[in-house]
Amino acid sequence: MVRLAYPEPPRSEQVDDYHGTRVADPYRVLEDTDDPASRAWIEAEAALTERVLATSPARAAIRKRLAELWNVPRSGPPWRRGRRWFQLRNTGLQDQNALWTSAEPAEEGKVLLDPNVVDTEGTTSLGAIDVSESGELVAAALSHAGSDWRRWRVRDASTGRDLPDRVDWSKFTAAAWTHDDAGFFYGRYEAPPPDATYEAPNRDMQLRYHRLGTDPATDPIVLATPHQPEWVFEPEVSHDGRLLVVSIWRGTDPENRVYVGDLGGGAEAVELRPLLDAADAAYVHVETLDGTMYLWTDRDAPLGRVVAIDLGATGDVEPALREIVGEGRDAIEKVALVGGRLAVVSLHDAHHRMALVDLDGGNRTEVALPGIGKIEDLAGRPEDEELYLTFVSFAI
């Protein structure tokens with residue numbers, strides 16, 4: 001057996017005193033991967049690994065076989081905005097999924113945004129996408145080198161060209177267009193120190209509104225909670241465009257809050273009010289339609305249920321939750337409101353089942369799936385006649 005000569009890691013005399021107990025930490029420098037000494041050690045380790053693997057006669061055969069298995073076209077469910085359809089696709093061996101657009105869901109269409117072209121190293125991905133109500137504008141958040149930081153850009157769906165708008169320092173949040181295509185809501189943090197871009201703590205998120213053509217530095221703050229620096233905001237705009245719905249999470253806590261605001265007076269002037277403010281359960285916004293909000297929740301239902309809130313009857317008191325789909329023996333994992341019905345995906349004996357349920361909870365119809373497997377995603381709108389989904393079978 002050949003004994004490998006591993007590169008020596010950088011060391012220091014670092015010792016921490018924890019209430020009188022001294023603890024040596026000689027490898028503290030490795031916590032900073034941008035430190036020159038850390039970078040040199042990482043590169044030496046990678047070079048050693050490459051030299052060892054290069055001597056394996058099976059390496060080429062393994063690489064070839066893995067490429068054959070992975071080289072399968074993949075796509076998410078198509079979704080519609082305005083007169084256009086959008087879909088995430090991967091030809092098989094692309095490092096990142098690309099965004100395609102077409103006139104019909106069954107058409108091949110054309111590539112609208114391909115991060116593999118933006119970054120030939122394959123480390124830039126589409127972190128999030130939101131298409132305007134008209135289907136003419138796409139807010140796309142690019143994430144570089146696996147970072148959670150996102151830079152929003154806006155692409156014209158007709159020309160494939162980018163608008164000048166660039167919104168930086170966004171993280172952990174999607175975008176939500178107002179239905180006039182004038183701009184979008186998003187969450188962002190203050191810019192971190194230049195020497196701690198990836199290490200600085202993320203605190204005091206701000207929910208802002210960016211109006212196209214304006215300087216992002218002047219984007220008005222819609223919601224900020226300095227008294228709760230760990231809160232994170234996820235914005236959505238209701239199907240009719242009248243309501244801003246904000247889900248508020250504290251770090252990775254499973255419980256959340258829901259705030260709402262009337263957009264009738266304009267996006268910059270929207271005032272948010274608490275709707276569900278106890279953080280006593282998880283509440284996932286499904287859709288708001290005709291003054292009724294539909295939510296998935298585990299409140300009083302560990303396996304999940306679907307409830308509705310009459311927004312016209314909430315006032316200043318805690319709203320009543322009207323049960324639409326009750327808790328069963330199978331956990332409810334996904335819900336979408338499509339074609340005037342609820343598509344409810346449940347986990348049964350480690351595989352998915354799906355049922356369609358009327359908005360009053362009646363007329364439940366089980367949907368036959370292609371086999372035993374998992375539904376990755378659902379796509380469709382309340383007025384659509386078809387529901388699209390991505391299904392992965394457990395068997396070939």
Side-chain angles (χ1 to χ4, degrees), residues 127-131 139 141 148 150 152 170-179 184-189 202-210 221-263 267 270-289 291-301 304-311 314 318-322 324-325 332-337 342 344-345 377-379 381-382:
I129 299 168
D130 194 67
V131 183
D148 289 325
R150 296 172 174 179
W152 290 97
S170 182
K171 185 183 283 194
F172 311 135
T173 180
W177 285 91
T178 47
H179 283 200
F184 55 86
F185 297 97
Y186 68 98
R188 64 154 291 169
Y189 294 95
N202 301 129
R203 300 169 67 84
D204 296 312
M205 176 182 275
Q206 298 170 345
L207 182 67
R208 295 193 176 204
Y209 180 74
H210 176 68
I221 298 174
V222 175
L223 179 62
T225 55
H227 61 293
Q228 293 290 349
E230 295 182 348
W231 281 14
V232 176
F233 312 126
E234 183 76 7
E236 296 178 72
V237 172
S238 63
H239 182 65
D240 58 13
R242 299 176 181 175
L243 196 70
L244 174 63
V245 181
V246 181
S247 298
I248 302 175
W249 307 84
R250 179 182 178 274
T252 58
D253 289 352
E255 300 84 12
N256 70 297
R257 295 169 167 82
V258 178
Y259 284 21
V260 296
D262 188 345
L263 291 171
V270 63
E271 294 185 4
L272 291 164
R273 63 178 178 87
L275 180 69
L276 297 165
D277 200 28
D280 56 354
Y283 300 94
V284 178
H285 179 239
V286 176
E287 188 56 85
T288 297
L289 190 65
T292 300
M293 178 180 290
Y294 298 89
L295 302 138
W296 173 95
T297 183
D298 60 3
R299 178 173 168 178
D300 302 323
R305 60 181 179 139
V306 182
V307 298
I309 296 176
D310 180 2
L311 296 177
T314 55
E318 180 177 330
L321 303 183
R322 175 165 52 90
I324 305 299
V325 180
I332 297 176
E333 296 200 335
K334 301 177 189 296
V335 183
L337 200 165
L342 293 167
V344 181
V345 178
D377 203 0
L378 300 168
R381 313 199 79 188

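Everything numeric in this text was worked out from a predicted model, so none of it was measured.
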- Query: Crowded around Glu271 CD? As in, over 12 foreign heavy atoms under 6.0 Å?
  - Reply: no

- Message: For Phe184 and Trp152, take the angle between the two ring planes, folded into 0 to 90°, and tell me which bin it lands in: parallel under 30, tilted 30 to 60, perpendicular over 60.
- Response: tilted

- Not counting sequence neighbours, which residues clear side-chain contact (heavy atoms from CB on, under 4.5 Å) with Asp298? List them please. Ala281, Ala282, Trp296

- Query: Between Val335 and Leu342, is a side-chain contact (heavy atoms from CB on, under 4.5 Å) present by the stated rule, with each step listed?
  - Reply: CA-CA 7 Å; Val335 183; Leu342 293 167; 4.1 Å; yes

- Message: Measuring only between side-chain heavy atoms, which start at C-beta, is Gln228 closer than 4.5 Å to Ile248?
- Response: no

- Message: Going by the rule ring pair (Phe, Tyr, Trp, His ring centres under 6.0 Å), which residues pair with Tyr209 if we only count those two or more places apart in sequence or in a different chain?
- Response: Phe185

- Task: Taking side chain to side chain donor-acceptor pair (under 3.5 Å) as the test, write out the residues that go with Arg188, two or more places apart.
- Result: none

- Query: Would you say Val345 and Leu378 make side-chain contact, with heavy atoms under 4.5 Å?
  - Reply: yes

- Residues in side-chain contact (heavy atoms from CB on, under 4.5 Å) with Arg381, at least two apart? Arg80, Arg81, Glu133, His239, Glu383, Asp384

- Message: Which residues pass the salt bridge (Lys or Arg N to Asp or Glu O under 4.0 Å) test with Arg257, not counting sequence neighbours?
- Response: Asp277

- Query: Do you know the tightest heavy-atom contact between Ser247 and Asn256?
  - Reply: CB-ND2, 4.0 Å

- Message: Assess, by modelled atom type and distance only, whether the side chains of Tyr283 and Arg299 contain a donor and an acceptor separated by less than 3.5 Å.
- Response: yes

- For residues Asp204 and Pro226, report the shortest heavy-atom separation together with the two atoms involved. OD1-CA, 3.7 Å

- Message: Suppose we screen for side chain to side chain donor-acceptor pair (under 3.5 Å). Which residues come up paired with Thr288, at least two apart in sequence or across chains?
- Response: His285

- Which distance, rounded to the nearest 0.5 Å, do you find between the CD of Gln206 and the CD1 of Ile221? 3.5 Å

- Message: What I'd like to find out is whether the side chain of Leu275 reaches to under 4.5 Å of the side chain of Met293, using heavy atoms alone.
- Response: yes

- How long is the gap from CZ on Arg305 to CD1 on Ile324, to the nearest 0.5 Å? 10.5 Å

- Query: What pairs with Arg150 under side-chain contact (heavy atoms from CB on, under 4.5 Å), at least two apart in sequence or on another chain?
  - Reply: Ala128, Ala141, Ser170

- Note on the structure: The reported gap from CZ in Arg273 to OH in Tyr259 (rounded to nearest 0.5 angstrom) is 11.5 Å

- So, do Arg322 and Ile309 sit near enough that their side-chain heavy atoms are less than 4.5 Å apart? no

- How would you list, by chain and number, every residue that makes a salt bridge (Lys or Arg N to Asp or Glu O under 4.0 Å) with Asp262, sequence neighbours excluded? none

- Item | Pairwise side-chain contact, Ile332 with Val325, heavy-atom cut-off 4.5 Å (strictly under) | yes

- Note on the structure: Applying salt bridge (Lys or Arg N to Asp or Glu O under 4.0 Å) to Asp377 and not counting sequence neighbours gives none

- Minimum side-chain heavy-atom gap Thr173-Pro235 below 4.5 Å: yes

- Does Val306 reach the side chain of Thr297, with side-chain heavy atoms less than 4.5 Å apart? no

- Query: What pair of heavy atoms forms the shortest contact from Arg203 to Pro229, and how long is it?
  - Reply: NH2-CG, 3.2 Å

- Exercise: identify the closest heavy-atom pair between Thr292 and Ala308: CG2-CB, 3.8 Å

- Message: To the closest 0.5 Å, what do you measure between OG (Ser238) and CG (Leu289)?
- Response: 9.0 Å

- Message: Can you list everything that forms a side chain to side chain donor-acceptor pair (under 3.5 Å) with Tyr294? Sequence neighbours excluded, please.
- Response: none

- Query: Checking side-chain contact (heavy atoms from CB on, under 4.5 Å) for the pair Val246/Leu272: CA distance, chi angles, key distance, verdict?
  - Reply: CA-CA 8 Å; Val246 181; Leu272 291 164; 4.0 Å; yes

- Task: Kindly write out the residues that satisfy side chain to side chain donor-acceptor pair (under 3.5 Å) with Arg250, not counting sequence neighbours, or none if the list is empty.
- Result: Glu230, Asp253

- Please round to the nearest 0.5 Å and tell me the distance separating atom CG of Leu207 and atom CD of Glu234. 10.0 Å

- Note on the structure: Rounding to 0.5 Å, atoms CG (Asp130) and CH2 (Trp177) come to a distance of 8.0 Å

- So Leu243 and Val237, side-chain contact (heavy atoms from CB on, under 4.5 Å) or not? Walk me through it. CA-CA 6 Å; Leu243 196 70; Val237 172; over 6 Å; no

- Item | Contacts of Asn202 that satisfy side-chain contact (heavy atoms from CB on, under 4.5 Å) - sequence neighbours left out | Trp149, Lys171, Phe172, Tyr189

